[in-house]
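Worksheet: the structure to be examined is printed underneath.
Note that the structure is predicted; figures quoted are calculated from it, not measured. Reckoned from all heavy atoms, side chains included, excluding hydrogens, waters and symmetry mates. Protein chains get the first letters and strands the later ones, always in sequence-line order, with residue 1 at the start of each.
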Number of protein chains: 2
Amino acid sequence: MDEKLTTDQKRLARMLKALGNPIRFQIVEYLATSQTCITNDIVRLLPLAQSTVSQHLKVLREAGLIKGEIEGPATCYCIDTDGIQWLKDQIGNWLPECCAPALPKALIQP
Amino acid sequence: MDEKLTTDQKRLARMLKALGNPIRFQIVEYLATSQTCITNDIVRLLPLAQSTVSQHLKVLREAGLIKGEIEGPATCYCIDTDGIQWLKDQIGNWLPECCAPALPKALIQP
DNA sequence: CAGCTTTATCGTAAAATTACGATATGGACG
DNA sequence: CGTCCATATCGTAATTTTACGATAAAGCTG
């Protein structure tokens, strides 16, 4: 217990913290559905100032949940597939002592 | 986007937020390994005041991640298996648009 | 080049979280 | 009953997070 968290655990906690904010959670969900990587649209859709949204995007970026790419005058954000996948794997194998991993639906009802 | 989060999404975000704090993350991991539900031990192992630990336990309890049961003069905390399982299921099926759920190890190498 | 659009960053105010000590409650035990 | 032990809660200080406006950078377009 007194031993520090591992690098992976710290990364995981960072991701969870980033997603724990409802606004950021919404942003990630939105980016996941709108395949096209929108950026200023997010600002328009949220009741927040542009600078605030930009900060949230930064948090998500630094947590490895989304990726930003400068595209002309704008910036194009999209889901960081690898990061999300890593998170899902981590949670899937988390606490095996107490909870077995759930079967993917596809395997339950092929 | 402007539509509010669903009840489930709010519950999920609440859990993620609770786990996003490294101290609370540690507590959950500790409770998962120490099958016996300890309570004051956590206080002794963490470099925090008893009242602070009690507060963290409250947050975890209200997020549905752990359960507390009064046992004589002490309180016995343990993992809320249902809650953790729910969380894992949610994350496992999260954002199916962008990431397929990972196969449990048991199915990859039976 | 000048003006427009889109973003990021900075400084700062407001709000929330985190931590502590003090205090109250309630069970065990002499 | 009085004392100890374990916990929860309250009030409050310190820290962090969240939000905003202002400003700067960088790329289009006329």
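The shortest side-chain heavy-atom distance between B/I91 and B/L12 falls under the 4.5 Å cut-off. Taking 4.5 Å as the limit, some side-chain heavy atom of B/L16 sits within range of a side-chain heavy atom of A/F25. Side-chain contact check for A/Q26 versus B/Q9: every heavy-atom pair is 4.5 Å or farther apart. Annotation: side chain of A/L60 is not in contact with side chain of A/Y77 (no heavy-atom distance under 4.5 Å).
For the pair B/H56 and C/dA19, the criterion of a side-chain N or O lying under 4.0 Å from OP1 or OP2 is met.
Atom pair B/E71:CD and C/dG27:C1' shows a separation of 13 Å (rounding to whole Å applied). As rounded to whole Å, 14 Å separates atom P of C/dT18 from atom NZ of B/K58. To the nearest angstrom, C1' of C/dA15 lies 14 Å from CD1 of A/I23.
First and last contacting nucleotides of DNA chain D toward chain B (any atom under 4.0 angstrom from a heavy atom, 5' to 3' order): D/dA6 to D/dT9.
Partner B/Q85 forms a side chain to side chain donor-acceptor pair (under 3.5 Å) with one of B/D82, B/D89, B/T81 and no other, that one being B/D89.
Remark: A/H56 NE2 to A/L46 CG distance equals 8.0 Å, nearest 0.5 Å.
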Legend entry - Protein proximity profile, nucleotides 1-8 of chain C - base contact B, sugar-phosphate-only contact S, no contact -, cut-off 4.0 Å on heavy atoms: -----BBB

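The pair A/D8-A/R11 fails the salt-bridge criterion, with no side-chain N (NZ, NE, NH1 or NH2) lying under 4.0 Å from an Asp/Glu carboxylate O.
Within 4.0 Å (heavy atoms only), B/L48 reaches sugar-phosphate atoms of the nucleic acid but no base atom.
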Inset, instruction - Using the side chain to side chain contact (heavy atoms under 4.5 Å, CB included) rule, take A/I84 and A/K88 through it: C-alpha gap first, then chi angles, then the decisive distance, then the call. - result: CA-CA 6 Å; A/I84 299 277; A/K88 293 172 80 165; 3.9 Å; yes

